[in-house]
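The next block holds one structure in the form of structure tokens; read it before the comments.
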Amino acid sequence: MKRLAWFLRHIVASRGATPAIIGCFALIYIIIAFYNDEALVTLLALTRSTPPLAMLLACIPLNLAARLFFEIADFIRKKRLTVFLPQETWAAGERVKLAGRMEADLLEKKLAGAGYHCRHGEGFIAAWKGISAFPARFFLLLGFLLLFSGILLSTTTRESVRTPLIEGEPLPEAMGAQGRVEQILLRDRPGLVLARTLAITVGFFDGSTETTKEFGLYPPGSLHGVYLYPRYLGLAPFVEFTPPERAFAFSSYVTLMIYPPGREDSVEVPGSPYRIAFTLAEPRSARDPYSSGKYELQFRVVKDKAAVAEGTVPLGSTVTRNGYTLAFPNAKRIVMTDLVRDRGLSFIWWSGLCMLVAVAVYMPVRLLAPRREMMFVAHGRGTQAISWAEGGKTAHRSVFHGILDAISRDQDR
């Protein structure tokens, strides 16, 4: 039974299990990359739709959970060994059996002189120095556990809808809230990485009261469990179009993904052979048109694949070209947004925090006061000496072997 438990522990909590599984997914990614430009997206979709791959991915958090459990158990066992149960033995560390013994008081004096705290009892002396790096290992393993748990949840349960948020228009149904987009602003700001910031102000009903919330670029804001990821900007101009034959007139808001300036988008005029292509003109001033609200639209009217008119129409103006009249009285800003319901995202954020804590704890402890322990237990007429250290091993080993030499010399006498 003990052999079976040992075998299961070394399989489930193996240090090589997680790297091996990650290697399998890396190999699948490389194979997909030979045939598909969107290798990562394809791999995620394949994992989501293939139960064996999803189960293989689930083995990573299972392995990390087992390693975390045994890490805690080993720490408790070592703590009990040092303080409570000296008759047990460490699973790791340097072990030496000596034929002789040293008087407990003399041995304790030598250890205390080297800066070690001591505790002695019936047939043993335990000594320790420094601070254990267990908290750092705990937070590191916890961070990886949360990270891969979040990846598993995101891969298997993530729901995403791409939809535009239009200034002044109601919120999309996918957001699960009643309200409207109050304002979309692109503001300049001083910064080393981002020179501009996007602010989306949303008003919605929270119970019986109306609440206003602002969403930025990153980190993504959330509303009722739905995260908002802004992807790109656009414009919804109100376009009035009249052809020379005047058989009809078109007037409506149109959704155009034409930001930044120079990017082209087009709209089909319903019930006619016309298509109008729009481009946001380069600003005449240094200020971005999306920030200033001063737009000029370059247009090209196409009839049966032939361009029949083109020109530039500023906001609030009307232009006539070759008998075609185009007016641009007003416009609304648009943000094309991914609305994502992702249950694993919070796990991933918490994993980052845990890893930062692990680094913050480990570095000073490892450099300034690494944990070092040793124990001397009476065995018959001899002594079993055990030594273990997380850092400062050279100095610790020197003290340990100095004690062993003293025990040997005492026996020789």
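Keep in mind that the numbers below use all heavy atoms, side chains included, and drop hydrogens, waters and symmetry copies.
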Quick check for you: to the nearest 0.5 Å, what is the distance between [X] atom [atom1] and [Y] atom [atom2]?
X: Leu280; Y: Leu235; atom1: CG; atom2: CG; answer: 6.5 Å
X: Leu111; Y: Arg119; atom1: CG; atom2: CZ; answer: 14.5 Å
X: Lys393; Y: Trp388; atom1: NZ; atom2: CH2; answer: 9.0 Å
X: Thr383; Y: Lys97; atom1: OG1; atom2: NZ; answer: 11.5 Å
X: Leu142; Y: Ser351; atom1: CG; atom2: OG; answer: 9.0 Å
X: Leu315; Y: Leu297; atom1: CG; atom2: CG; answer: 8.0 Å

Using every non-hydrogen atom in the two residues, find where [X] and [Y] come nearest and quote the distance to one decimal.
X: Ala136; Y: Ala358; answer: O-CB, 3.4 Å
X: Gly392; Y: Arg366; answer: N-NH1, 4.2 Å
X: Ala54; Y: Thr156; answer: CB-CG2, 4.3 Å
X: Arg67; Y: Ser14; answer: CD-O, 3.9 Å
X: Ser266; Y: Ala277; answer: CB-CA, 3.8 Å
X: Glu167; Y: Ile184; answer: OE2-N, 2.9 Å

Can you label the angle between the [X] ring and the [Y] ring as parallel, tilted or perpendicular, going by 30° and 60°?
X: Tyr229; Y: Tyr227; answer: tilted
X: Phe138; Y: Phe134; answer: tilted
X: Tyr116; Y: His396; answer: tilted

Contact list for residues 27-52, test ring-ring contact (aromatic ring centres under 6.0 Å, His included), sequence neighbours left out: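 For residues 27-52: none.
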Short N-O contact, Glu390 and Arg371, less than 4.0 angstrom: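 Salt bridge: no.
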Tell me the side chain to side chain donor-acceptor pair (under 3.5 Å) pairs involving residues 42-63, sequence neighbours left out? Thr18-Asn63, Asn36-Thr42
[Y] backbone acceptor or donor facing [X] side chain under 3.5 Å:
X: Ser154; Y: Ile151; answer: no
X: Gln183; Y: Thr201; answer: no
X: Lys332; Y: Glu169; answer: no
X: Arg372; Y: Pro370; answer: yes
X: Ser272; Y: Tyr274; answer: yes
X: Thr157; Y: Leu153; answer: yes
X: Thr337; Y: Leu339; answer: no

Counterpart residues, side chain to side chain donor-acceptor pair (under 3.5 Å), relative to Glu182 (two or more places apart): Arg180
Quick one: are [X] and [Y] in side-chain contact, heavy atoms under 4.5 Å?
X: Phe278; Y: Leu326; answer: yes
X: Pro314; Y: Phe328; answer: no
X: Met257; Y: Ile334; answer: yes
X: Ile60; Y: Leu152; answer: no
X: Ile258; Y: Thr279; answer: no
X: Pro172; Y: Leu165; answer: yes
X: Leu140; Y: Arg137; answer: no
X: Ile276; Y: Val302; answer: no

Does anything in residues 298-309 form a salt bridge (Lys or Arg N to Asp or Glu O under 4.0 Å)? List the pairs, not counting sequence neighbours.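 Listed once each, the pairs are Glu264-Arg300.
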Under the salt bridge (Lys or Arg N to Asp or Glu O under 4.0 Å) rule, what pairs show up with a residue in residues 222-234, not counting sequence neighbours?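 Residue pairs passing salt bridge (Lys or Arg N to Asp or Glu O under 4.0 Å), neighbours aside: Arg231-Asp338.
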State, without any angle test, whether Asp265 and Tyr259 hold a side-chain donor-acceptor pair at a distance under 3.5 Å. no
Passes side chain to side chain contact (heavy atoms under 4.5 Å, CB included), Ile348 versus Leu146? Steps please. CA-CA 6 Å; Ile348 295 173; Leu146 291 173; over 6 Å; no
Please report the C-alpha distance between Ile386 and Phe376 in whole Å, then the side-chain angles of each, then the deciding distance to 0.1 Å, and finally whether the side chain to side chain contact (heavy atoms under 4.5 Å, CB included) criterion is met. CA-CA 7 Å; Ile386 308 169; Phe376 302 89; over 6 Å; no
Test side chain to side chain donor-acceptor pair (under 3.5 Å) on Tyr253 and Asn330 and set out the steps. CA-CA 9 Å; Tyr253 281 101; Asn330 59 67; 2.8 Å; yes
Under the rule for ring-ring contact (aromatic ring centres under 6.0 Å, His included), what residues qualify as partners of Phe25, not counting sequence neighbours?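 None.
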Report the C-alpha distance between Phe299 and Phe241 in whole Å, list the side-chain angles of each, state the deciding distance to 0.1 Å, and finish with yes or no for side chain to side chain contact (heavy atoms under 4.5 Å, CB included). CA-CA 11 Å; Phe299 66 91; Phe241 171 68; over 6 Å; no
After noting the C-alpha distance and the side-chain angles of Ile32 and Leu46, does the key distance pass the side chain to side chain contact (heavy atoms under 4.5 Å, CB included) rule? CA-CA 10 Å; Ile32 294 174; Leu46 184 64; 4.3 Å; yes
For Phe238, does the CZ atom sit with more than 12 other heavy atoms under 6.0 Å from it, leaving out its own atoms?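 Result for CZ/Phe238: enclosed.
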Ring centroids only, cut at 6.0 angstrom: are Phe148 and Phe347 within range, meaning strictly under it?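 So the answer is no for these two rings.
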